[in-house]
Each structure stands twice: as structure tokens, then as C-alpha cells.
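Report on the structure given below.
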Number of protein chains: 2
Amino acid sequence: MKTVPPKTVGRLTLYWRTLRDIPADQTHVYSHVLAAKSRLTPAQVRRDLMVLGYAGTPAHGYNVQLLRKHIEAFLFPASEQRVAIAGVGNIGRALLKFFSGRRPTLRIVASFEANPEKYDRLIQGCQCYSIEKAETVIREMDISVGIIAVPDKEAQFVADVFVGAGIRGILNFARAPLHVPPDVYVEDIDLAMAMDKVAYFARRQQAGSSAVG
Amino acid sequence: MKTVPPKTVGRLTLYWRTLRDIPADQTHVYSHVLAAKSRLTPAQVRRDLMVLGYAGTPAHGYNVQLLRKHIEAFLFPASEQRVAIAGVGNIGRALLKFFSGRRPTLRIVASFEANPEKYDRLIQGCQCYSIEKAETVIREMDISVGIIAVPDKEAQFVADVFVGAGIRGILNFARAPLHVPPDVYVEDIDLAMAMDKVAYFARRQQAGSSAVG
DNA sequence: GTAGCATTGTGAATTGTTTCACGGAGAAAA
DNA sequence: TTTTCTCCGTGAAACAATTCACAATGCTAC
Ligand SMILES: NC(=O)c1ccc[n+]([C@@H]2O[C@H](COP(=O)([O-])OP(=O)(O)OC[C@H]3O[C@@H](n4cnc5c(N)ncnc54)[C@H](O)[C@@H]3O)[C@@H](O)[C@H]2O)c1
Ligand SMILES: NC(=O)c1ccc[n+]([C@@H]2O[C@H](COP(=O)([O-])OP(=O)(O)OC[C@H]3O[C@@H](n4cnc5c(N)ncnc54)[C@H](O)[C@@H]3O)[C@@H](O)[C@H]2O)c1
């Protein structure tokens, strides 16, 4: 299987959500239906689905259950994939609350803090450790994904700890471009930048809904 | 001035941050410096800066103060631009805390809630109103940007309220593709999708830091 | 059967974005 | 003055993503 564009991966989660919400008595679905639910074109949906190795039929479109299983096989881990979060502040807490117990195969199993008042206890049902223990904990729990929700100036330090501990993907909320080896995937979520973009385009006439974060 | 690509607008905020953090005694800066600080190439920096109508000099690069002023003139509103947020839950609260008092020209001046225990009081120094009063408040306060941080199923309803009240740009955290007129700019921040993407690429070998949210 | 229709998968075209590469310009040194 | 740097601005090339467009398919109607 060759390398799949990140944007395609992202859109597959959109299709999966649509499929999940289709009533059970509806066995098939067309690309234009999936497209409409995600604000995309039918051609793009079909193009994206090509990576799955599952083909629909011209007559009925895609079998809902089958397509869903194929997306799940592609997108979801076969066994539990573990996640850690560094920084339990405004954002960190929100993420912990939101993701706790939501997905069986993708679970936040540890959080790390620099503040002694926060670590060595449970936060949102998840053990919070000192950031100094991160490398050990990450290795012992076999954590492959890290979330960075610490202040901007601490972000590179945490990234280095994560990478040193063998983490393979990072979701970064800090406004700091991280320097990591090329085999570690980084997805930046820059909320301040997003605000500036919206504010900018709100001042212009111009159109064009941007896709996704 | 013609239409500027959203990605360029986003990167200009990155350059602005770098300029802001340059010590005052350093009067000039080269494209390759700006590039390194944002994980980009010098050519892309120069290309982006073309939209500003301000040119550097081959000898010294860009004048820090001047370039900064030009980016500010391009990116920041001339007069205060007002923002409202719907939904003061996990995310809404985090955003209110983070953005309060941070930017003089881009200010969250109202929040809207459906829960009577939350509205008709101050939250994070910002008056929280019933969502039913949204149209009136948005018009009276001349709010042009809306943030959607309500549950997924409520998102379209809130978007319709926002659009009806004349809002021009929306930052959407709900996992629901919004349907809005083409002259309203929508920036989606889909945290669950971002998690799935990171988890997917953490499982593959493959490289490639994705840019920004 | 066959005609008519809507849909799929995908090569080709298009559109959008990034990188290359080079002319030109200022500075410094001889 | 002339030479030699390094860097900027930008046209052109390369690359990436999206959309078009059409042959092929299977269904329904007659
Ligand atoms: N909250 C928002 O809405 C928002 C918006 C835009 C950007 N951000 C960015 O997200 C990041 C987090 O923001 P926040 O509002 O949650 O910040 P916060 O200050 O509320 O939380 C940061 C937490 O990280 C902890 N911490 C500090 N250094 C640490 C270290 N070395 N290791 C582990 N933990 C450490 C702190 O104790 C604190 O609890 C920041 O980089 C910020 O710029 C946040
Ligand atoms: N928190 C996260 O980390 C996270 C992650 C991924 C996605 N999201 C998305 O962000 C959105 C908000 O998430 P959250 O965790 O903050 O949710 P939340 O349930 O904590 O907060 C939602 C708030 O919206 C209010 N609300 C409900 N209906 C409303 C209406 N019609 N008008 C105004 N207010 C209304 C509720 O009273 C509540 O306070 C959801 O769509 C969620 O899917 C959140």
C-alpha cells in the first residue's frame, strides 16, 4: 500500500461518520450522498475511496456496512493505540474530558504535568505523571501518540521528550513550529492562527469555506 | 487587491510572531531566517510577502519594524473587530480563557448558551446571553466573527442564527460540515479528525509534518 | 431482449500551491 | 572602478489536489 495523502485520510473519517449515522434499513449509499453530507463533490468521494481497495457497484453505489468496515480497517488501529497528553491546562483538560471513554481503540492513558499540584493524581480518570517520568511511562505503556498542550515555550522540550521516548505522531496545540525527525508525523492545530484567518476573511467579501483542521 | 490564498494569510501570522520576538537591536531579517523559524522554505516566505506590497532590499533583507507594520496592516483590523462564541462547555471555556484580553483589535465580547444556568451572567469576564438573544446582541454589538463550540447536532442551528444576524466568518469546532452562504467564510477545526490522522500516520513509517490547523 | 438511465472507476484536464532558478541590486573589498 | 558576495522578486517549472468526462456496468421498463 502506497502513501495516502493526509487530506484523504481526514476525509475518510468524515465518510465514516456519515456511514455510522445512516439508519440500518438503508443498505446502500451513493457517492453524491456522502459528498453532500461532507460538503464535497461526488468525484472527490470516489477518488478518496479508491485507496480502500473496495469498489461500489454502479447500480447501488456502496454497501453501507461493507464500506464502513473497509474504512475502519484502514483508519482504525487493529489493537488499542495509546495516547498521552502533556499539559493539563485549558486545552488539555478539554481534550481529556472530550476523549475519555469515547473510542475503545484510541485511548488517552496518561497525562504529564510540570506543576506538582497537578501530577501524581487522577485527572478526568487518567493518571497524571510528572513530565520527568514521561520517557519511562511512555515506553512502559507503549504509547505511540502524543498531544502537546503546554505553553508555547515548553513545546519543543516536550516534543524532544516525546520523540526520545519513541512516540510516532504528535498533535501540537502550541504556537511553535516543532522540530522533529522526518519519520515523526506532526499535526499542528494553531487556534490563534485560525482566529486570524477567520477574522481576515470576515472583513473581505470573498467566499470559500476552508476545509478542516 | 486581489484574493489572497487562505494558506498565505495563515503563514503571515507565523511571520508576524517571529518578527514580534526579534530583539529590538536587530533591525533587519532575511527570508531564510523567517523560513527556518516557521519550518518553511525561503522561497515560500518571499512569495507570501509579495502580497504585502512591501519589498525588502537584497542587501539587508527585510526591515523588521517595517515588515511587521505591513503585516499588521494587512492582517489586523483597523478598528476593533468583535467576536462571539456559542457554547461555553469544554472548548468554549478554554477559548474564552485563552483569548480574553489577548488582542485589543480582536475581542470576544459575548457568549451564547442554551443552558439557563450559564447565561445571564459573566463568564471569564464576558457577558453570557441566551442563544435566543443572539441575533439582537450580534447586531447591536456589531459582531462579525462567530465561534461555534456547541454539540454537533446544534451546530447548524447556531450557524443559521449567526448567518441570519450578519456574521461574516465562523470558526467551527463541531464535527458537522456547516451549510452557509458562499460569502460567509468557515474555518473548521475538527479535533477528532486530527486525532485520527495523527494516529493513522503514527502507525505507518511515513514522514511529512502537516501544516497547521 | 433491448433501450434508457443513473452510477461507478479512472485517465486526462484543470486548478492551486510550492519550488526552482536567474536577473538585478546593494554592499564591501581591492 | 570593478569584482564578488548574498540576497530579493518573480516568471517559469514542477508538483499536488481536485474536477471533468466518459466507457463500462447493472438495473428497470417495456
Ligand atoms: N486555550 C486556548 O484556547 C488556546 C488557544 C490557542 C493556542 N493555545 C495554545 O495551547 C497551548 C496550551 O494552552 P492552554 O491555554 O491550555 O495553557 P495553560 O497555561 O492553561 O496550560 C498549560 C499547562 O501545561 C503545564 N506545563 C507547563 N510546562 C510544562 C512541561 N514542561 N511539561 C508538562 N506540563 C507543563 C502547565 O502546568 C499548565 O497546566 C499553548 O501553547 C497555547 O499557546 C491555546
Ligand atoms: N472538547 C473537545 O476536546 C472536543 C474535541 C473534538 C470535538 N469537539 C466538538 O466541539 C464541540 C463542543 O465540545 P465541548 O466538549 O465543548 O462540548 P460541551 O458539551 O462541553 O459544551 C457544549 C455547550 O454548548 C451549550 N449548548 C448546547 N446547545 C446550545 C445551543 N443551541 N446554543 C448555545 N449553546 C448551546 C451546552 O449548554 C454546553 O455548555 C462539539 O461539537 C464537539 O464535538 C470537542
Side-chain angles (χ1 to χ4, degrees), chain A residues 2-12 14-15 18-19 26-64 66-67 70-71 177 182 197 201 206-212, chain B residues 2-12 14-15 18-19 26-64 66-67 70-71 74 177 182 188 197 201 206-212:
Chain A
K2 75 201 63 149
T3 162
V4 176
K7 287 187 169 191
T8 296
V9 174
R11 285 190 299 261
L12 285 171
L14 261 31
Y15 308 145
T18 302
L19 294 169
Q26 203 179 319
T27 62
H28 289 77
V29 66
Y30 296 123
S31 63
H32 68 257
V33 176
L34 294 173
K37 297 252 184 205
S38 303
R39 287 227 276 16
L40 302 165
T41 63
Q44 181 156 60
V45 172
R46 298 201 299 274
R47 178 72 64 188
D48 286 338
L49 296 183
M50 281 175 70
V51 305
L52 298 176
Y54 162 73
T57 62
H60 298 121
Y62 305 92
N63 178 295
V64 173
L66 228 47
L67 178 57
H70 275 263
I71 294 181
K197 272 165 81 169
F201 286 105
Q206 218 260 331
S209 304
S210 124
V212 125
Chain B
K2 73 200 65 147
T3 162
V4 176
K7 289 185 168 193
T8 295
V9 174
R11 285 190 299 260
L12 285 171
L14 261 31
Y15 308 145
T18 302
L19 294 170
Q26 204 179 319
T27 60
H28 289 77
V29 66
Y30 295 124
S31 63
H32 68 257
V33 175
L34 293 173
K37 298 251 186 205
S38 303
R39 287 227 274 14
L40 301 165
T41 63
Q44 182 157 59
V45 172
R46 297 202 300 273
R47 175 73 60 191
D48 286 338
L49 297 184
M50 281 175 69
V51 306
L52 297 177
Y54 162 72
T57 63
H60 299 119
Y62 303 92
N63 178 293
V64 173
L66 228 46
L67 178 56
H70 274 265
I71 294 182
F74 178 89
D188 292 304
K197 271 165 83 170
F201 286 105
Q206 219 261 331
S209 304
S210 120
V212 124

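Letters go in sequence order (proteins before strands), and every chain restarts at 1.
Per the geometry, CG belonging to A/Leu34 stands 11 Å off P belonging to C/dG9, to the nearest Å. Separating the CG atom of A/Leu40 from the P atom of D/dT18 is a distance of 9 Å, rounded to the nearest angstrom. Note: NZ (A/Lys7) to P (C/dT15) measures 17 Å, nearest angstrom. Rounded to whole Å, the distance from OH on A/Tyr15 to C1' on C/dT8 is 15 Å. Rounded to an integer number of Å, the gap from B/Tyr54 OH to D/dT10 C1' is 18 Å. Nucleotide C/dT8 holds its P atom 15 Å from the CG atom of A/Leu66, rounded to whole Å. As a whole-Å value, the separation of A/Asn63 CG from C/dT7 P is 17 Å. Atom CD of B/Gln44 and atom P of C/dT17 are 11 Å apart (whole Å).
Map A/Pro58 and A/Asp48 each onto its nearest nucleotide of DNA chain D; the residue landing nearer the 5' end is A/Asp48. Along DNA chain C, the nucleotide closest to A/Met50 and the one closest to B/Thr8 are compared, and the more 5′ of them pairs with A/Met50. Between A/Arg11 and A/Thr57, the residue anchored nearer the 5' end of DNA chain D, judged by the nucleotide with its closest heavy atom, is A/Arg11.
Within the 4.5 Å cutoff, the side chain of B/Val29 has no heavy atoms near those of the B/Asn63 side chain. Residues A/Tyr62 and A/Arg46 are in side-chain contact: their nearest non-hydrogen atoms beyond the backbone lie under 4.5 Å apart.
The structure places OG1 of B/Thr27 at 11.0 Å from CG of B/Leu66, a figure rounded to the nearest 0.5 Å.
Contact annotation: A/Arg46 reaches the phosphate of C/dT8 (side-chain N/O to OP1 or OP2, under 4.0 Å). For B/Tyr62 and D/dG9, the shortest distance from a side-chain N or O to OP1 or OP2 is below 4.0 Å.
Side chain of A/Ala43, nearest nucleotide from C/dA27, C/dG24, D/dT19: D/dT19.
Residue-level contact check: B/Ser31 touches the backbone only, with heavy atoms under 4.0 Å from sugar-phosphate atoms and none from bases.
Contact detail for A/Tyr15 and A/Val45: the closest heavy-atom pair is OH-CA, 3.6 Å. Nearest heavy atoms, A/Leu12 versus A/Asp48: CD2-O, 4.4 Å.
Counting distance only, with no hydrogens placed and no angle test, the side-chain atoms of A/Arg47 and the base atoms of D/dT19 include a donor-acceptor pair under 3.5 Å.
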